Every structure is written in C-alpha cells, then in structure tokens.
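Note that the structure is predicted; figures quoted are calculated from it, not measured. Computation of the quantities below employed the complete heavy-atom set of this structure, encompassing side-chain atoms and omitting hydrogens, waters and symmetry-equivalent molecules. Lettering follows sequence order; numbering is per chain, from 1.
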Amino acid sequence: MSPETILTLAAAVLLLPLADFVLLIFFNKRLPRQGDWLGTSILFAALAASVTILIVKLTAYPEETLRWTFTWVDFGTMPFFGPLSIQLGLMVDNVAAIMLVVVTIVSALVHLFSIGYMEGDVRYGRYYAYLGLFSFSMLGIVLTNNFLMMYVSWELVGLSSYLLIGHWFEKKSASDAAKKAFIVNRVGDVGMFTGILILFATFHTFSFDTIFGAIQSGQVPFGSNAWLTAAGILIFCGAVGKSAQFPLHVWLPDAMEGPTPVSALIHAATMVAAGVYLVTRTFAMMTADALMVIAYIGAITAFISATIAVAQTDIKKVLAYSTVSQLGYMVMGLGVGAYTAGFFHLTTHAMFKAGLFLGSGSVIHAMHHALHHAGDHHTDAQDIRNMGGLRRKMPITFFAFLMYTLAISGVPFTSGFLSKDEILAGTLAFGTLTGHYLIPIVGFFVAGLTAFYMFRLVILTFFGEHKDAHRFEAVHESPAVMTIPLVVFAVLSFFAFYSFNPFGASSGWFYHAVERPESVVPVAVAAANTGAFEEALHHVHGLAMLLSLLMAGLGILAAYATYYWKKIDADALAARFKPVHQFLLNKWYFDELYDATAVRGTLALARAYRWFDNTVIDGLVNGVARWTVGLTTGTKNTWEEGSLGGVFYKGVAALISVYIGWTAAAALLPPAAGIVVMAGCGLVGLAVAGLTFFLFYAGVGGFDNKIVDGLVNLTAYLAGFFGLLTRKVQTGKVQTYLAFALFGVLVFFLWFR
Amino acid sequence: MIENFILTLTIFLPLAAGIVVLLLPSGNTRLIRMAGVAGSLVTFIVSLALYVLFDPARAGYQLVQHADWIPSLNISYLVGIDGLSLLLILLTTFLTPLALIGTWNSITVRLKEYTVMVLLLEVGMIGVFASLDLVLFYVFWEAMLIPMYFIIGIWGGQDRVYAAVKFFLFTLSGSLLMLVAILSLGYFASIVPNGHFTTNLVELYQVGASLPVNVQLWLFAAFALSFAIKVPVFPLHTWLPDAHVQAPTAGSVILAGVLLKMGTYGFIRFCLPLFPNAAIQSAPFFSVLAVIGIVYGALVAMVQTDIKKLVAYSSVSHLGFVVLGIFSLTEEGMQGAIIQMVNHGLSTGALFLLVGMIYDRTHTREIKAYGGVARLMPVYAAFLLIISLSSIGLPGLNGFVGEFLVLLGAFRSVTLQSPAYAAVAGLGVIFSAVYLLWMYQRVMLGPVREGGLYGGHKLTDLTKREIATLIPIVIFVAWIGVYPRTFLSQSALVSKRTVEYLQGVQRSAPAPLTMRAADGSMQELRSR
C-alpha cells in the first residue's frame, strides 16, 4: 500500500462519520430504526480501515510520517510580516495511527452497545447523529498536522460533548452539566488559543513540523525562552480543560448526566484523552519549566480526584473521578518525560475505562429494569449502596468488570499493569534526576488508592447479598449487543495485545512504534534528554515495579478487609473522621469554591455593570436631556411657548455654565496633549458645565418628551462649547470658518428636523 | 453601459418600490406585503450584478458614477464601491427582504407606511455605503435616520417614543459634529496652493493626510464621535438597548444587521485614511474602549432578563471586536473586522428574527416566562442553537473566522504593541458562551411549562415561511465558517491598501503644511 493510499484511507476514516452525521441529523426519522444501523456500520467500517492503516503503517513505514497538505487561505505578502498562507492538512505517524484505532474501536463498540442501552429513547436518531459528529471531530484532532485544525476539531468535540451531555435536556441537572462542560472548557480553550496566537505571530504558520523546525533552528517567540515556556503552558491550558485537569476538572463528574455510553466514549476513553494527545503532539516544544508545570498539574489532579473517588457512592461518579485521576496520571507521565508510557496508558486506559463505563451502563440498565418492574421510582439506580450480589445475575458483566478493575488497579498480566508501571518508573526516574520526589510519592500513593476504591466498587456492586430480594429477582443480564462490547474490551485489557512480556512493555511493539521525540527547545531550557532519562529509568525500574505491586496489593487488601471481610467498619471510620469524610464526599468543595468566587463574582460584576449602565450612563443621558429641556421651557413646554424671560434667563445661565466649563477644561489641558487627554479634559469640562447649569436650574423644569426643543439647545450648547474649546487650538482665519460651519450645522439641522 | 448606472439603480430601486407601495390601496395588506418583499428582492437581485461586475483584484473604486450637484462648491453626486462597500451593500440587500418576510404578519397597523419606511431605510443604507462624496454621504446618513426614527417611534413597543428620541438625538448630535468636520475639511482643501473647496473623498484623502497632526486630531475626533455613537463604542452605547428592545423585529434586524455597521464602515472608509496620523495616535485609545466594550457588553448581557435586551448588549460586545480589529491597524485585524461586520449582521440579525418569531407567538420577551421550548419547537431549537453557536464563535461557523482574525491582528499589532488587548478580549470569548448558552438553557431546555402554555399561548413550531427566512442566513453562516475565502477575497485589497497606507504614514512624519490664507499671504499653519 502506498503512502497516498494510506492518507486517502485516513481521510476516508475522517470523513465517513461526518457523512453519517449529516445523513442522520436530517433523515433519521425517515430511516428504518432511525438509522442506528447506518451509524454503527459506518463506524465498524472506519474501524476496519483504521486497523488496516495501523498494520500497514507499522510494517511498511515504521519510521516515516505521512503528510498531506493544502492551502486554505492565502493572504499573499503582508507588511511587517512576510508571505502568509495558511496550510492545513493531515498527518499519519505511529501515534496517530494507534490513536485512530483507539478512537474507532471505542466509538464502534459504543455505537453497538447503544442499540441496547438507548432503546426507545425520545431522541434516538439524534443521539446517533451526535455520536457521528463526535467521531468526526475526534478523528480530526487525531489526524491534524496543524494547530488550526486541532483547535477547530477541539471546539467541535466540545460541541458534541455539550449536545450529548444535554441529551436529556428536560432534566435541569443535565442542561446545567452541559453548559458547565462547555464553559469550563472554553476557559481552557482561550488559553490554548492564546498559545497558538503566540506561535502563529512568531512563526507565521500553524503547522507542527514547521514550528518545531523553526524552534530547533534557534528561533523562539519574541526572542525569549520565557515566551516559549509561556506558549507551551498556554497550549497545555487547552489540555487542562479538555482532559479535566486541576483546576478545571469540575466539569467532568457532572458530565455523567449524559447517557452512559456517551460517558464511556467521550468522557472516559477518547475526548478527555484529547488533552493528553495534545501534549504528546506538542511534547517536543515543551521547555523543562513547562514540563514541570505539566507534571505537577497531573500529580495534583491524580491525587485530588483519587481521594474524592474513595468517598463517592454513585457508580458513575466513582468512575468519573477515577477517570480524572488516571488522566492526571497520563499528564504526569508526559510531564516527567515518560512520553511513551503516558501515551501507552492513554491507550490501555481507553480500553478498560470504556469497558468500566459500559459495564456500569449494563448494571444501571439492569437496575432500572428491576426498579421499574418493582414499581419503585425513588431508589437511585446508580447508587452502589442499593446494589450487591449482582455477580450471580449478571455473570458476563461481572467478569468483564472484574477484568477492567484488575487492569486499572495494576495487577500483573493486565494491560494496566504494564502502562502504569512504566509511568511510575518514569516518575521515580524524574525524582532522581530533578529531586522532585513529591511526584513519585503521589504517583505510588494514588496507585494504592486506585486499587482500593475500584475494589470497593466491585465488592459493593457484585459481591455480598442484594438488599431487596424481590427487586433482585427482576435483575437480568443485558442483551448481546451490550455484552459483546464488554467482552471485547475485557479481552483487550490483557497484556498480550501490547507486549508478550507480562512484566515489561519496553520489549513490545508499542514501545517500538512510539518513541519519545527529541526536544527541539534550546538546550538551556530543555528537560533531561532521552538518554539521561533512559539511564535514570534503568536504575529505578525494578524498585518501581516492586513498589507498584506492593501498593496495588495493599489497596486491594484494604478494600477486601473493609467491604468483604468487614474487618474494618467503613461507617465507623467515616464517623470518626467526619470532617475528612465530608471534605471528600463534597469533592474538596471545588464546586462551592468556584460558585462563590468565579460564578458569583462574575455575576456580581455583571450586575454592577448593569446598574452602572442603567443608572450612571443612562442617568447622565437623561440628565442632559433634562437640562436642555429646562434650558428653554422653564414652566412652559415648547420653544414657541417659552416665555421670553425664561429663555433669556436660561440663555444667560447656559453661557455662564459653558464659560465655567470651558475655563476648567482649558486650565486642565496641558500643552501638546494627545487625544486621550484632550477628550478627558473635554469630558471634565462638560461635566463642570453641566453641573453648573444644573445648579442654576436645580428643581426647575421637568423631563419632557418633546425633546426636539431640547435638541436645538443641546446642539447650540455643544456647538458653542466645542467652538470655544477649538479656539484655543486654532488661530487666524480658521475660527471664522468654524463659525460658518456652525451656521451650516443649524441650517442643516432645521432642514432635517 | 450597465456599469455606469447599476449602482445608482441599486440605491434608488427601493425608493421606486416605496413609491409603488404608496400608491397601493391601504386595505389590501397582502398586496402591500408582496410589493414590499418584491421591491426588496428585486433590489437584492440587482445588487448581485454588483458582485458580478466588481473585480476584487483591482484597486480603487469601481462602478463609479459622477454627476454635478453643487458645482460652485465641487459637491457632486459621486458613488462607487470597493470590496468593503460591496460586502456591506450585499448584506443590506440580503437582510432587508428577509426582515420583511420574517415579520410577514407582525405589523398590522399602518402597514403601508411601515413598508415604505423600510424601503426608504434601505435607500439610505445603500447610499451610505456607496457615497464617495462627503456631503452626499452625510445626506444619506441623515436620511436613513428619519425612517428608522419613525419605525421605532410608531411601530415600536411600550417606550417607543423615548427610545426613538434617544436614538435620534444620539445619532444626530454626533453627526452634526461630523458635518462641521466635513465642511472644515472642504475648507482646508481650498487653502492649499491651487486648492479648491471640495467634498470629493478621493481628493480629500491627500488633503487630510497633509494636515498637521493636531488639526487631524480634531477633525478625526468629530468624525470618530459620530461613528463611535453609531457602532456603538462604549460608553456611547446607551441608545442601543432601548432602540433594539423597542423597535419592531424588522427594525431590530436592520438596526443590528446594517445600521451599526455604518459606524465601523465610517472608521475604515473615512477616519483612517483621511486622518492617518490621528488614527495611529488614537488607536490605543479606541482599542481600550473596544476591549472595555467587549467585556462590559458581554457581562451586562449576561444578567438581562429580557431576551431582546440580551441580544442588544451582545451587539456591544461583538462590535467591540470589530473596532479592535480596525484599530489594530493590521491586515488580519482589518479583514477580521470586515468579515465580523458581515457575521454580526447575519448572526445578530437572525437572533432578532428568532426572538421576534417566538415573541409573535407568546407576546413576552421575559426569559423567565420560557423553558422547555425545545421539546415543543424542535426546528426552532435547532436554528436558535446554530445561530447562538455562530455568535459564540464556534469554529466551522462564521463568528470564529472574524474573532480569530481580529485577535490575531490585535495580538501582533505594531501599533498597539501589547498582547494584552487580545488577551482581555479573549475573556469576551468565554463570556459570550456563558450568556448565550445560559439564555439557551433557560429558554429552550428544561421541562415544558405547565400545560404547554407560554404567556398564555400554545407554541407551534416554525412555519414554512419562517424556515425559509432562516435557511438563507444559516447557509451563509456555514459558508463563511468553512470557506471564508469567498468573502475575504472581496475585501482583501481594501484592507491591504488601508493598512499599507497607514503604516507608510507611520514611518514618515507629516511635513508642515503651508497654506494660502484669505489675504493671499503665505503663512505656516501653526500647530498650536
């Protein structure tokens, strides 16, 4: 297969789901079964194509990066800038090829699973259309070779996420969650956008290769390495939003309001991993400082969310915080320089986490049916305290779920063991290289916590006895369309798909295919190079593996002791450490914190501005109107009816006010003032004049709608004022002409009145 | 030759249509509506000829027509277009029939006068974008004011008189100063050696650039105040929410879609090239106001309780982007500003149409009165979502292209010399998502109201007529988003020339100007 064929195939993989979306959004009502078969088969076709691409790429072109570009906009040559044309295009390297398969496999299986899970939904056809839109945008992120298409696809996955979280928009919690997801992501995206602007303003291109090439040749934004670090961190802001990293992680748990298959596809396996993917794509341009920030953000995220997961009782919330925590792991891995490990964990995690979510979907589905059957509308179908014993009723779901749990806990012979072990070894190596030992400490601690809360989940859900025997009778295993995807993901959680050595990934195909790219940043600000990192890694690898096994074992043991053998009373413990438990249960109060600061702050500011707008700005305008009406009217209403005395009095008052205002402005005006100062002085003068006039007329003349009279006077007032002010600047004949011009103004005005 | 009169034809066709409408019997509402729509549609079709005849690769004004008007003062009827005018004229002729069709049943009293007013308004708007003589421009500028004043004042909401007078006063007080500046500029043209009084824009470009900086600043200020009121630039925006909220739907559509663009158009066409030094000096000042407007407008929009007011304040925010793009004095910024003008015309025009459509059904604009509408009006929900997203600046739709180019221009602007403008404007990008999605959530999502009643009325989804009104707009929203080149290429040369001209000026300080005073002796115009 030629490179052109691969690229064409890749373009087809990208565009097929788009066609799917367009067809389904317009015609889902007219298609049999609302088109679910169409979307599903298109995604399976895309999966087949992606697997083909991956195999051919790895066997025939293992080293090359295949590219295809075209010109989108051509600005020609620009002053101070040089030639500018925006090139867009696709690229397929090993990372993209692997990611293609990850995305299409999860998407295809989720399509299949949804046939069972979403059966009879109110907006079934539209649901499938949105899945197509999501797949298209996600593949856009995977295949792009430039920041612009990355950003466009980035926003589009955000849109599909918004639409799918809000799928059941009749529920306030769902529409709230959708909005929250979009807005929190936007915060990160603006940072990313600014980072892209920095790069574009410097390098005049969006292309990854060209930008990296330029950096390698010694060019940095605005000639400063600090700007390069800033650009890196700003771009990482996009990842912080999309991959739900601290401090923008708060949207992801809420996003579980969406249908569970959506959580599996978007909010566990693929879209949230886009941030990690972005970091792998831009890894080469990250300076040591930027990577340090990335590593700490990842570690903090992993720690916070793992502690929260321990206390949650909603099955999806536990999985959601577990996802945030694992994403933190990947980000941390990339930050410490364990590039391959970070991306490897993305891949393995996509499989077992998608499986976990679909498994929880299967459980929730069964619980719903059972509760419905029992006529129970109050019990929460997602609360693990209402479950138990499901292992006997749902054996396939149980075994699959157990497999995923072993994988995420890092038990040997699973994929998760391989990838997690590599990340932990990476953090330890990073610690020895830089002295930042906090990161490996967090890493190992979180590994233990993960094993603990995951086994807690499995034990409470599947083991023990069910609370309600009557309800339990009605629980059934899910249909085949739902269990087949579960089995596939369970199989893919085995080590053998990634490396034949169950205790080391580095000899497997994955590690050969994905190699850490050399940094392109100036040596002075670069992180430890690959050689040094490998060296350090080699020394700590054995220790890391022992420690990670120990932590996983301890976690599992603790979970069994507490929830299975009940040697430890969880409730008593929670009561004993009530503040801690409350703190974790309430997710470290992040939502409350943001609500009290960002949300309320913005709203308070907005309300203050609204007040300012209605009271000050509008008040000023209405006040001016009042004065000018008062100028002629006194007690009478119109110019014609105005008493001569009143007009005279007001005329004199106006002249005096204008004179005072003018003097004030003139006194303030420094020589050679710029327009800002002039305008400022003019405004002050106007204000003084207005105030004076107001004093003359306080209490006289009310607001009147016949402002046309007021207009005459306002004009005369303004014209006179500006005429006087102008005189200071102009000498000679100019003012004569201005006087004529003012006369002209009045003539024109009368004509147009 | 058609080139010689096509522009004049486009300008005055709606006037002819207006006269025809005036002759129709007042009782036959259907006929009047048909005539109004037909008149504006024919104008649109004729204006397409402008697109065909216009050559974007040629610099300068095209399809120029010249006729003497007041020969003794060299004031003439001079019209012509460049890429910028072309886009805005097409926007005008495109939106006017849609505004009429979209509000087919909304107006029931004095329908004939209303239709005539809308057509007259169109004459004024096209005229403004086509005039190359300052007095002619001024006449069109003011002429357009009158029908708008009546549209708000007669067919508006409860506080229509207040809103109309406020609108009128604001615009007029600005434009009077502009008239002073126009006449002064003509005078300055007459005191240079061999000069003569003129208001011909092309001739005045050279005069303006040769004026001492402080004189430029005063004239610039007079023009800029007038345009800034129209845009509106913070803090001169206060007429806008009142006018928008009180105006009938078609009025709001045209007001937001086209009238606001006259201000930003004025900046690019007059303020920048006529007074280049003043423009460069005041660029930071206006950019600061623009950025304040972006954030301020978005925040105030966020806490509105009236949907129409929310959209009105969002205009303040969006137009801030346009002003920022213009005063970045970069080519991308300028291009972004121009495309953003078109975008805002389409998106906000469509938003007002959509608000009008639901208002026609429920007779309430209070956000609180809604909720769950998406369930009852799925087609409406889809349109509102697409247009909101376009306004939010979602990539793939039009708003993104404009915002992107503007921020890029502001970011690397040599004149502004600080990325801070772009960074703060970036907040507007976040806030726009907040206020629009929040509005969308409160109006469209959530459970259906009890009994499906909104303001005491049942809801029915969009009619074929309403869908037909919105579809053309959505097509352009997507077209600009995916392939902006079609539109950007029209204005590319204008942006390039304007920016190059200004940057040329920036590098060379203006020479002191010698003038011929009234007594014939030569004297240097003192700068202070």
query = Taking every heavy-atom pair that is under 4.5 Å apart, which of B:Trp239, B:Tyr313, B:Tyr483 has the most such pairs with chain A?
reply = B:Tyr313

ask   = Of the listed residues (A:Trp168, A:Trp154, A:Phe206), which shares the most heavy-atom pairs with chain B below a 4.5 Å separation?
value = A:Phe206

message = At a 4.5 Å cut-off on heavy atoms, which part of B:Leu145 comes close to chain A: side chain, backbone, both, or neither?
response = neither

inquiry  = Counting only non-hydrogen atoms closer than 4.5 Å, does B:Phe411 touch chain A with its backbone (N, CA, C, O), its side chain (CB onward), both, or neither?
reply    = side chain

task = Kindly compute the distance separating CG (A:Leu199) from NE2 (A:His204), expressed to the nearest 0.5 Å.
result = 11.5 Å

message = Can you classify the ring geometry of A:Tyr162 versus A:Phe182 as parallel (below 30°), tilted (30 to 60°) or perpendicular (above 60°)?
response = perpendicular

ask   = Which answer fits A:Thr602, side chain, backbone, both or neither, if we ask what part of it has an atom under 4.5 Å from a heavy atom of chain B?
value = both

message = Using heavy-atom distances under 4.5 Å, tell me whether B:Leu236 contacts chain A through its side chain, its backbone, both, or neither.
response = neither

query = Taking A:Thr194, A:Val122, A:Ile183, A:Asp189 one by one, which has the highest count of heavy-atom pairs under 4.5 Å against chain B?
reply = A:Ile183

key: Contacting moiety of B:Tyr435, where chain A heavy atoms sit under 4.5 Å   = neither

key: B:Ser413, part contacting chain A, at a heavy-atom distance under 4.5 Å   = neither

ask   = Do A:Phe193 and A:Tyr151 have ring centroids that are under 6.0 Å from one another?
value = yes

query = Heavy-atom distance under 4.5 Å to chain B: side chain of A:Val190, backbone, both or neither?
reply = side chain

remark   = Residue from A:Ile25, A:Asn614, A:Leu603 scoring the most non-hydrogen pairs under 4.5 Å with chain B is A:Leu603

ask   = Do the numbers put A:Arg123 on top of the ring of A:Phe169, so that NZ or CZ is under 6.0 Å from the six-membered ring centre and no more than 45° off the axis?
value = yes

inquiry  = Tell me if the centroids of the rings in A:His167 and A:Tyr130 come within less than 6.0 Å of each other.
reply    = no

Donor + acceptor pair across side chains of B:Glu331, B:Ser495 (<3.5 Å) = no

note = Turns out that what part of B:Ala433 lies under 4.5 Å from chain A's heavy atoms comes down to both

query = Do the rings of B:Phe286 and B:Phe220 sit parallel, tilted or perpendicular, given the 30° and 60° boundaries?
reply = perpendicular

query = Which atoms of B:Pro284 come close to chain A, meaning under 4.5 Å heavy atom to heavy atom: side chain ones, backbone ones, both, or neither?
reply = neither

ask   = Considering only heavy atoms, which portion of B:Val482 lies under 4.5 Å from any heavy atom of chain A: side chain, backbone, both, or neither?
value = backbone

request  = Check each atom of A:Ile196 against the heavy atoms of chain B and say whether the ones under 4.5 Å are side chain, backbone, both or neither.
outcome  = neither

key: Choice from A:Thr202, A:Leu156, A:Leu163, A:Ile198 maximising heavy atom contacts with chain B below 4.5 Å   = A:Ile198

ask   = Centre of A:Trp611's six-membered ring, under 6.0 Å away, within 45 degrees of the axis: is that where NZ or CZ of A:Arg607 sits?
value = no

message = Between A:Val152 and B:Phe400, does the side-chain contact (heavy atoms from CB on, under 4.5 Å) criterion hold? Intermediate values first, please.
response = CA-CA 9 Å; A:Val152 170; B:Phe400 172 70; 4.2 Å; yes

ask   = With respect to chain A, which residue among B:Ile392, B:Asp242, B:Val288 yields the maximal number of heavy-atom pairs within a distance under 4.5 Å?
value = B:Ile392

message = Looking at A:Phe26, I want to see if its CZ is surrounded by more than 12 non-hydrogen atoms of other residues, nucleotides or ligands under 6.0 Å.
response = no

inquiry  = For a side chain to side chain donor-acceptor pair (under 3.5 Å) check, start with the C-alpha distance between A:Ser173 and A:Glu257, then their side-chain angles and the critical distance, and finish with the verdict.
reply    = CA-CA 7 Å; A:Ser173 54; A:Glu257 289 291 340; 3.3 Å; yes

note = Cut-off 4.5 Å, heavy atoms of chain A, and the answer for B:Ala374 is both

